[in-house]
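What follows is a short report on a single structure.
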2 protein chains.
Amino acid sequence: MTGIITKTEALIQVLRDRLARRALGPGDRLPSIRRFAETMNVSPSTVVEAYDRLAAEGVIRARRGAGFYVADANMPPMKVAQMGASRDRDIDPFWVSRQALSAAPGSLQPGCGWLPEAWMPQNALRKGLRALAKADGTVLTNYAGVQVPDTLLRVLQTRFAEESLPVAPDQIMLTGCASQALDLICRLFLNPGDTVLVDDPGYFNFHALLRAHRVQIAGVPHGPAGPDLDAFAAALQQGPRLYITNSALHNPTGATISPQVAYRVLSLAAKQDLIIVEDDTFADLEPEPSPRLAVLDGLNRVLRIGGFSKTLSASLRCGHVAGRSDWIEALIDLQVATSFGGPSPVAAELLAGVLTGGSYRKHLADLHRRLSLARKRVTAHLAPLGIAPILQPRGGFYLWCRFPDGIDTAEIARHCLGDGIILAPGNVFSPTESASRFMRFNVAQMDSPRIYAALQAAMA
Amino acid sequence: MTGIITKTEALIQVLRDRLARRALGPGDRLPSIRRFAETMNVSPSTVVEAYDRLAAEGVIRARRGAGFYVADANMPPMKVAQMGASRDRDIDPFWVSRQALSAAPGSLQPGCGWLPEAWMPQNALRKGLRALAKADGTVLTNYAGVQVPDTLLRVLQTRFAEESLPVAPDQIMLTGCASQALDLICRLFLNPGDTVLVDDPGYFNFHALLRAHRVQIAGVPHGPAGPDLDAFAAALQQGPRLYITNSALHNPTGATISPQVAYRVLSLAAKQDLIIVEDDTFADLEPEPSPRLAVLDGLNRVLRIGGFSKTLSASLRCGHVAGRSDWIEALIDLQVATSFGGPSPVAAELLAGVLTGGSYRKHLADLHRRLSLARKRVTAHLAPLGIAPILQPRGGFYLWCRFPDGIDTAEIARHCLGDGIILAPGNVFSPTESASRFMRFNVAQMDSPRIYAALQAAMA
């Protein structure tokens, strides 16, 4: 029995699918009528009809003059079937994480967010482990205390002091990683339905995390000098609680905020009492220092997240957050409630050992040199395919590249996955799905000629 | 300017304080009028007046025939000042965690939930660290994949198989600890305002965690053979989503569920489609096996949490959850979103190394013997003070003890804290605050005569 499905019905089905797999969550804004009509190649009146019918069902609701939103009420909790069903089909914010974290041996991963193991300071880690075998029994067997262990605290304070940012011991805490830090911050400050500003494009896992908090994500276009100030000012009118950003070596574009934009962002945020989360995970990949919101602000309304997953080891699971002492105190309480304390003392001790061992700065210098060459080499290899980075970053391993007209990078990614190559197509970074012509490449994972051949084949 | 405060105003202030520091959260039921009147030593009409005035303000609301509840709407997010203000004053579910995790060197900790470092297998850990120094670079530097690493998977599967519980690889995942496992489960299944059943008394940090999820906590009286079945059946009428329990070596009582109670709990849960979370953190402290809900149920509606923090190392931060494969898949997605993958591969490898190293079973046998002696010794030392365990547990390090008439153990705990002794008073374990005459003692932390002297002085 094959019935005739009208365009409206087809559109409703598309929306139901997005809701079912939480590509649209409670409180999320639906695409504007005009944009959705263009995207789906239907008339605006078809979109209006589809929206009206879903609104009549209570699935979405209209806000006067402000578009349509997914209804908060009656949403079931994020369910198994809904989250799992899309695993093999959809290019959503989970796509890259899933593929990269469960990659088969031998896969190539130009889409992943880490360096190859051979680029990491393995000898320093092995030396650190041998030293750890002689550590105090407390470190080896006890729960983490709520204070940062002394050695690691001194290392972190010294690093902050080099940026002229004084940080007291009660202004800093350890977390398992940047995502966990952000998760605690969301728990502290957000209610379901709140609005959070993110960069567009921006790190996809932030979107997945915010969805788990059932908040509304608003994208601020991100350019070579940081967020677009007009768009940022306009977005503030929505009354967001948080703005999450990378100031330096922005993921995925590699951009670095300019001093003028940094100053203006802070001024605008102050007027609206907006809290800013500055994720500085990529800090050590920067060859020279650049402006930081947290430094200008003096940890007043900026919470700064950091860690060593990208340059030392992602296996240790030990990051940190610095911020106002009363906020840090509340975040520690939440961490005790949800994970009974901070990350592994074994990991913290090993991290401190490597950071104070004397070889880390040289390792970074080598890394900067090596990555600079890799960025140039990959740019040269991509050029004949008509693929070009929108800017040459000051450091790091990402290149955010534009593809030729008419190419949808999600299709390219799907095609290349068949060849065992995991890519990071643009739209997984874009809450407005406006980056289908872009792709993020990790230059440290692109030595194999197979990658360029597969890209060429997929584009053909 | 000192005005005269009426009893009603004083009562309102008490309630406002509890709301401010989240001792009462959105959706929580307020104490019954009769009980609150007794507790506060005022007339029931005073309580009625206080409740009515708060209800008029919209702070709480009445449900016909079902008492008063904290209003859901307009609650600010859990805030700094509210969570932090009570730090030094109140004996709330956070009290023991805070005190124990930030204990000054030299403090005595009969209230803590772990063994002294000297009781832990330090040599095996040191040997494991030296072996780890030669491990594959992937283990040392990469993010955790979404699958459980092979060696650890085999160890866990073998342990489950010894209990006749077959567990497929897609039915198990690693987490940072038991609390983090429970946290992910709550994210998957709960909406704010849902009801969750816990044991009364039960592990205090579960209450803190559930509060962070803004759900309503309903206590089920827990006795020597497990939960009270009549109370459990009655509580099911509230339509709870989850029941969280320890079947063996229950924290804090040390009780073990009987086969009959286990069967009945599962049968009742099946009728109401209730999901059960069985926290089995204390499993390895049991000298002989006892019934498990997860085993009877075959991981159908029971999720089983486990780990090695109590017997091997709490510093590694590596626990696990076993359950239905579709649930595990969804939990892994949530873990990727909120912590970008599982716990440290370094920790998982070290754990697997110690567990397969050959000395762990002997270590457990030694521990069982040592704890059995300690339980007897501490029982004998407490007897002259009129303090007696309500039951002699089959294993583990907890004794749940009743104090003589008229003693409030919160007062004892507050007093002893001044002597540098951290205790775990009964009411931190009781969602109904009905355990003020009880205290949980950790027998492995009670060698010092100072503890008994301080208890005696505090009781005098």
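In what follows, every chain begins at residue 1, and chains take the letters A, B, ... in the order their sequences are listed. Because the structure is a prediction, the values reported are computed rather than measured. Computed over heavy atoms, backbone and side chain alike; hydrogens, waters and symmetry mates excluded.
When A/Asp183, A/Leu184, A/Asn205, A/Leu182 are each tested for a side-chain contact (heavy atoms from CB on, under 4.5 Å) with B/Thr338, only one passes: A/Asp183.
Among B/Val336, B/Thr141, B/Val139, the residue making the largest number of heavy-atom pairs under 4.5 Å with chain A is B/Thr141. Chain A forms the most heavy-atom pairs under 4.5 Å with one residue out of B/Gly145, B/Ala348, B/Pro345, B/Cys177, and that residue is B/Pro345. Contact tally against chain A (heavy-atom pairs below 4.5 Å) for B/Leu209, B/Thr175, B/Leu115: the top residue is B/Leu209. When B/Asp136, B/Leu350, B/Leu140 are compared by the number of non-hydrogen pairs under 4.5 Å with chain A, B/Leu140 comes out ahead.
A donor-acceptor pair under 3.5 Å is absent between the side-chain atoms of A/Ser315 and the main chain of B/Ser344, judged by distance alone. When atom types are taken as modelled, the side chain of A/Arg317 and the backbone of B/Gly176 share no donor-acceptor pair closer than 3.5 angstrom.
Of the two parts of B/Lys127, neither the backbone nor the side chain holds a non-hydrogen atom closer than 4.5 Å to a non-hydrogen atom of chain A. In this structure, no portion of B/Pro116 lies under 4.5 Å from any heavy atom of chain A. If you measure heavy-atom distances from B/Leu125 to chain A, the contacts under 4.5 Å come from the side chain alone. For B/Ala347, no part sits under 4.5 Å from any heavy atom of chain A, backbone or side chain.
With sequence neighbours excluded, the residues that form a ring pair (Phe, Tyr, Trp, His ring centres under 6.0 Å) with B/Tyr143 are A/Trp114, B/Phe340. Partners of B/Gln147 under the side chain to side chain contact (heavy atoms under 4.5 Å, CB included) rule, at least two apart in sequence or in another chain, are A/Ser102.
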Please walk me through it: do A/Glu117 and B/Thr138 pass side-chain hydrogen bond (donor to acceptor under 3.5 Å, both in side chains)?
CA-CA 6 Å; A/Glu117 61 195 69; B/Thr138 318; 2.7 Å; yes

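For the atom pair CZ (B/Arg187) and CZ (A/Arg214), the distance works out to 10.0 Å, reported to the nearest 0.5 Å.
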